[in-house]
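Right, one structure below, let's go through it.
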Amino acid sequence: PSATNSFLEFVASLNPVLFAIDEAHCISQWGHDFRPEYLRLSILKENFPGIPVVALTASADKATQEDIVQRLMLHDPKVFLSSFNRPNIHYYVIPKKNPVTQVLEYLARHPENSGIIYALSRASTEEISQSLKRAGISAAFYHAGLSPQDRSRVQEAFQRDEYRVVVATIAFGMGIDKSNVRFVIHYDLPRNVEGYYQETGRAGRDGLRSDAVLLYSPGDVFKLKRFAEVDGNAEQTRQNLARMRKMQDFCEMQACRRQYLMQYFGEPFPGYCGSCDYCLSSLEEKDMTQEGQMLLSAVVRTGEQYGAGYLIDFLRGSASARIPMAHRVLKTYGVGKELKKEEWQWIVQQMLNSGFVSAAGDQYPILKMNAKGMALLRGETMLKLVLRKEVVSQEEDLMPGLEQELLQLLKRKLKDIASSQNVPSYVILPENTLEEMATYLPQTLADLKSISGFGDYKISRFGAVFLDIVKQFSSERGFGTRMQLNSGRKAKKVARSTTKEKKDADDSALSDTQKVTLQLHHDGMSAQDIANARNLSQNTVEGHLAVLVGAGEIPLNKLVSAQRVDEIMQAIRATGASGALKPVKDLLGEDYGYGEIKLVFEALRKGLV
């Protein structure tokens, strides 16, 4: 209590205007990462009833959302939900056979891509990392057992592309904003769908095609059960097991992966996405009535007292000591020995998904007969299951006409420049900029103005270097420019139409309060003048101006001189360009304000400098 009182007194002394709670799913007992200490956050509303609260999370289903509202004591709050769909991420669930070999094969097919591999245990991260290193891949491991200094070292080196792969437990990811992560591989089954969704979302933040690959083995389910059990809390254990089964269903189902994820979070989605292993497969329907009847007969003859594992062994005629002699003399014993264990596991899962058999119990569910199954057993209905014949190539989608050889030359040059300036590659130029150059083959500095990511500043600093590579490549192969096919992609993106319809569409991206700040800026008022006139903090107004610069509403040079932009950019590079303002401010000194640093950061993030 005394510590709580001291904290509340300290908070009161700051005169807060807003409480922002990140990772808000941790507040809810239904959340995938529930933390009891978060429950104490209700004291904020109790002690500061007039101060608004915003709760933020990237992964919360309906029950979690409602629990957050209740536990934070929010009254009739506004709820803002963006779509859970991440269209540039392609989802694959692949049967785990020889996982290290499977990972190495994937990396060999994508030699220029970097990513994250998630494993369940600390020991696994170290072992996998060593295997990758022996294969000549620059890799590091990351887990909570490392010292803070070692964790920071790995994180920063990954940001700078010094490591191609980081093998990590779920401790890795918070605060990682590396835009060009091209893949996330789950070496082990994630504990729940929310965690899986959050982890896969660390790929493709630049909007380019990225892969989420999950290596699945039913045996991983049993490994996870010890993580699901919470001593002294039967209800939480039950919730964890239920979430784990949802993750298992995601892996074992035969349907669109993206649809499952969207529906899990309460968002409707059609049954075909065209970018998951199921939707990219060649499908055929097969009559499995006989196999379904075999399973149901086994369920009935063994007294509806056993789970799928035992029943599959029974059907395959296993000699295991756990199958008593009383069962071995039954007519159904061994009738399914022609099918592999994995095939029976698939049939059981599909029958569960289709409602032809029921499961009872939480931790070790047993299979039970139901009315639909009884109709199948009697021959009154048929069991038809959809089989995947083969998976089409998982290679990356390419832009029409993209010259892969040129793209690799540009990537190597970008890496060299970034290395020399001690910053991550994407700070110099984002990957989609290189892809556009390798597609449209710009030949002049003027051409670069129509390539996304090239503003005047970056053209002056880096344009000639990259143009030389494109021009030499084009000359050697007799290629001309293809800029005429670009149709002004960048120009279309930032141009302001004079028609009312386009103006309304552009304005809709800005909030009402940002529009007011924009109007006052056009009226000639400074940030401080706007803050005084609107009774806002100057920091708030500077935040509005940063958004307006990033949206192309206000040119950066109207707010910060070219010389100061250059000096701030140098400081950003020197401090590692992590997005944190304070290190840059400390390096620049008192002559520079946080507001102008924030403006340059936003322009840099949007490729405008």
Side-chain angles (χ1 to χ4, degrees), residues 10-11 13-18 20 22 148-149 151-153 155-162 175-179 417-430 453 455-462 514 517 520-521 524-534 536-609:
F10 170 72
V11 172
S13 71
L14 300 175
N15 296 317
V17 295
L18 173 75
D22 200 10
Q149 295 80 8
R151 291 202 300 272
S152 294
R153 176 185 57 78
Q155 228 169 290
E156 290 168 8
F158 184 57
Q159 294 269 42
R160 299 179 198 280
D161 294 320
E162 293 171 22
I176 292 296
D177 193 24
K178 181 175 166 64
S179 65
I417 294 173
S419 228
S420 69
Q421 299 196 19
N422 200 31
V423 297
S425 298
Y426 60 83
V427 171
I428 305 296
L429 286 174
D456 290 340
Y457 176 84
K458 289 195 177 177
I459 289 175
S460 66
R461 286 294 303 276
F462 310 115
Q514 289 163 355
T517 295
L520 295 176
H521 167 79
M525 296 176 68
S526 67
Q528 186 60 65
D529 292 338
I530 295 171
N532 293 337
R534 301 192 60 198
L536 298 172
S537 70
Q538 185 168 343
N539 184 55
T540 297
V541 173
E542 287 169 346
H544 292 173
L545 293 173
V547 171
L548 294 165
V549 166
E553 296 282 357
I554 302 175
L556 179 63
N557 60 14
K558 294 291 185 184
L559 299 171
V560 188
S561 71
Q563 179 183 347
R564 290 176 78 82
V565 167
D566 193 56
E567 290 170 350
I568 292 171
M569 289 286 289
Q570 290 180 36
I572 289 173
R573 292 193 187 94
T575 56
S578 66
L581 302 182
K582 190 173 188 306
V584 179
K585 176 74 167 66
D586 290 345
L587 186 61
L588 289 168
E590 294 303 318
D591 290 341
Y592 287 79
Y594 280 106
E596 55 190 338
I597 297 171
K598 188 185 301 182
L599 290 168
V600 175
F601 258 122
E602 182 62 18
L604 177 63
R605 192 173 72 84
K606 293 298 179 69
L608 300 175
V609 292

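Values reported hereafter were calculated over all heavy atoms of this structure, with side chains retained and with hydrogens, waters and symmetry mates removed.
Distance check, rounded to the nearest 0.5 Å: NE2 of H544 to CD of Q514 gives 5.5 Å. Here CG of L520 is found 9.5 Å from CG of D529. Values are rounded to the nearest 0.5 Å. In this structure, NZ in K558 is found 14.5 Å from CG in L545, a value given to the nearest 0.5 Å. To the nearest 0.5 Å, the span separating OG on S419 from CD on E162 amounts to 6.5 Å. Atom CD1 in I530 sits 10.5 Å away from atom CD in E542 (nearest 0.5 Å). With rounding to the nearest 0.5 angstrom, the CZ atom of R564 is 8.5 Å from the CG atom of L588.
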(request) I would like to know whether L559 and E596 meet side-chain contact (heavy atoms from CB on, under 4.5 Å); could you show each step before the answer? (result) CA-CA 8 Å; L559 299 171; E596 55 190 338; over 6 Å; no
(message) Is there a side-chain contact (heavy atoms from CB on, under 4.5 Å) between E602 and V547? Walk through the geometry before answering.
(response) CA-CA 7 Å; E602 182 62 18; V547 171; 5.8 Å; no
(request) Under the side-chain contact (heavy atoms from CB on, under 4.5 Å) rule, what do K178 and D161 come out as? Steps first, then yes or no, please. (result) CA-CA 10 Å; K178 181 175 166 64; D161 294 320; 2.4 Å; yes
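Two residues are said to be in side-chain contact when any heavy atoms from C-beta on lie closer than 4.5 Å; V11 and P16 meet this criterion. H521 places none of its side-chain heavy atoms less than 4.5 Å from the side chain of L548. At a threshold of 4.5 Å between non-hydrogen side-chain atoms, the residues R461 and D566 count as touching. V584 places a side-chain heavy atom less than 4.5 Å from the side chain of F601.
Legend: residues meeting side chain to side chain donor-acceptor pair (under 3.5 Å) with S152, ordered by chain and number and at least two apart, are absent.
Closest heavy-atom contact between A418 and S425: CB-CA, 3.6 Å. Considering every non-hydrogen atom in both L556 and A603, the closest pair reads CD2-CB, 3.8 Å. Here the closest heavy-atom approach between residue K598 and residue N539 is recorded as NZ-OD1, 3.1 Å. K458 and G453 make their closest contact through CD-O, 3.6 Å (heavy atoms, listed as atom of the first residue, atom of the second, distance).
Of the listed residues (V560, V565, I568), just one forms a side chain to side chain contact (heavy atoms under 4.5 Å, CB included) with L599, and that residue is V560.
For R160 (side chain) and N422 (main-chain N/O), a donor-acceptor pair under 3.5 Å exists by modelled atom type. Not one N or O on the side chain of K585 forms a donor-acceptor pair closer than 3.5 Å with the backbone of G593.
Side-chain contact of Q155 with Q159: a donor-acceptor pair under 3.5 Å is absent, judged by distance alone.
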